[in-house]
Amino acid sequence: MIYLDHAATTPVPREVADAMYAVLTERFGNPSSQYPMGLDMKKQVEAWRGTVADALGCNARRLFFTSCGTEGDNWAIQAACWQNRHLGRHIVTTAVEHSAVLEACRWMEKQGYEVTYLAPDGKGDLTAEQVLDAVRPDTALVSVMMVNNELGNVYPIADIARGLAAKNPKTLLHTDAVQGFLKVPFTAKSSGADFITISGHKIGGPKGVGALYIGPRVRNPRPLLAGGGQESALRSGTEATAQLAGFAKAVELRTENLADKLTHMADIKAYAAEQLTAIPDCRLISDGTAPHILALSLVGWPSQNIVNDLGSRGICISAGSACHQGKPSHVVAALKLPKRVAGGVIRLSFGPETTRADIDACVRALREHHDARMPML
Ligand code: PLP
């Protein structure tokens, strides 16, 4: 199998699975238990928190484990709106956010909030000015993703943070960094965001674990889950210790020689772009600079047929966000591309393990698809 869908999820290295297995079978204590196995696990959870916080460049006190990126996005949006409920009921976000953010914003609309959804340009880019122009005195929250999961565009979070501080300092800033964490250089401080969402399964960790950074400007963050008081009473629920073990181990492995891994992914992306655009009718959709995501269109050939055909040959790529398989992607729709271009959009995404041979196999299969099938769009 050739796996070119690392933005959907990533393989778990053996060391990560081993770390999880040991916790599931031998070190299974509940961190709230008051005997040594529980007390040791409590210390261990703090050590894992430290590992993830170091990679995010933040104080461990400000990092809270969650069940996934989706939970982090929902929590951040609700907590920000709660803190600023007296400031106003306006949210600024983009039309190309992950549905975890979009649906959380739609839920806020049902609570009486007004949401501005900013459209990117035809290549998926957004400027800080565009975001800041939409901010009003009653804007409670700005939520802009760090890296677009379908296009690979990197958005100017630090510039937005600086502009907000000047224009409307009480407005809180959330960034969904699920595709940015350990892919593009940033720290919690350098981003300037008040909330940062990350997820384990995009970096070689297991599914079902993530974290939310909550910065110092957020006073008494409102919990999403009330209960037994875990995570400093801000996120109740018995700690998913095996997932945390896997998340921390994945972070540890990924941060080893991270610069080399990112350079490798960027090289693979450049090679893939060069080889694929040599196929007739194949063109790049965005100039996004994230090293692991490449969006292209085989203009005229329906993307779902491409995904199915390559899938049947053991090559895994995506027709857009994995959450939207089979339906037209809202991200591609926001680019307002001609129908034949939009209908042919595919996403390839890479990991440290991806090789040029993987790309060569994909290029061959795509060329064969192009030559053997008639355009339908
Ligand atoms: N945000 C972005 C940008 C994503 O790419 C994803 C996953 O595809 C999520 C949020 C959701 O993360 P999770 O799958 O951990 O809920």
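Whatever order the structure lists them in is the order used to number ligands and atoms, beginning at 1.
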#### Entry: For ligand 1, the portion of Cys68 having any non-hydrogen atom under 4.0 Å away
both
### Message
Within the 4.0 Å heavy-atom shell around Thr70, which atoms of ligand 1 are there?
### Response
11 (C), 12 (O), 13 (P), 16 (O)
### Summary
Only one of Thr139, Asp133, Asp138 passes side chain to side chain donor-acceptor pair (under 3.5 Å) with Arg136, and that residue is Asp138
## Note on the structure
In terms of its nearest heavy atom to atom 12 (O) of ligand 1, the top option of Ala100, Gly69, Gly210 is Gly69
#### Entry: Aromatic Tyr271 / basic Arg356 pairing, under 6.0 angstrom, 45° off normal
yes
### Message
Tell me the nearest of His98, Glu97, Lys207 to atom 9 (C) of ligand 1, using heavy-atom distances.
### Response
His98
### Query
Can any side-chain N or O of Lys269 pair as donor or acceptor with the backbone N or O of Ile293 at less than 3.5 Å?
yes
#### Entry: Flag side-chain contact, heavy atom, 4.5 Å: Leu244 against Val209
yes
### Query
Judged by non-hydrogen atoms, does Lys202 sit under 4.0 Å from ligand 1?
yes
### Query
Which is it for Asp73 and ligand 1 at heavy atoms under 4.0 Å: side chain, backbone, both or neither?
side chain
#### Entry: Aromatic ring pairing His370/Trp301, orientation class (parallel under 30°, perpendicular over 60°, tilted between)
tilted
### Task
Go through ligand 1 atom by atom and flag the ones less than 4.0 Å from a non-hydrogen atom of Met145.
3 (C)
### Side-chain donor or acceptor of Ser67 paired with backbone N/O of Gly208 under 3.5 Å
no
### Under 4.0 Å to a heavy atom of His201 - the qualifying atoms of ligand 1, by number
13 (P), 14 (O), 15 (O)
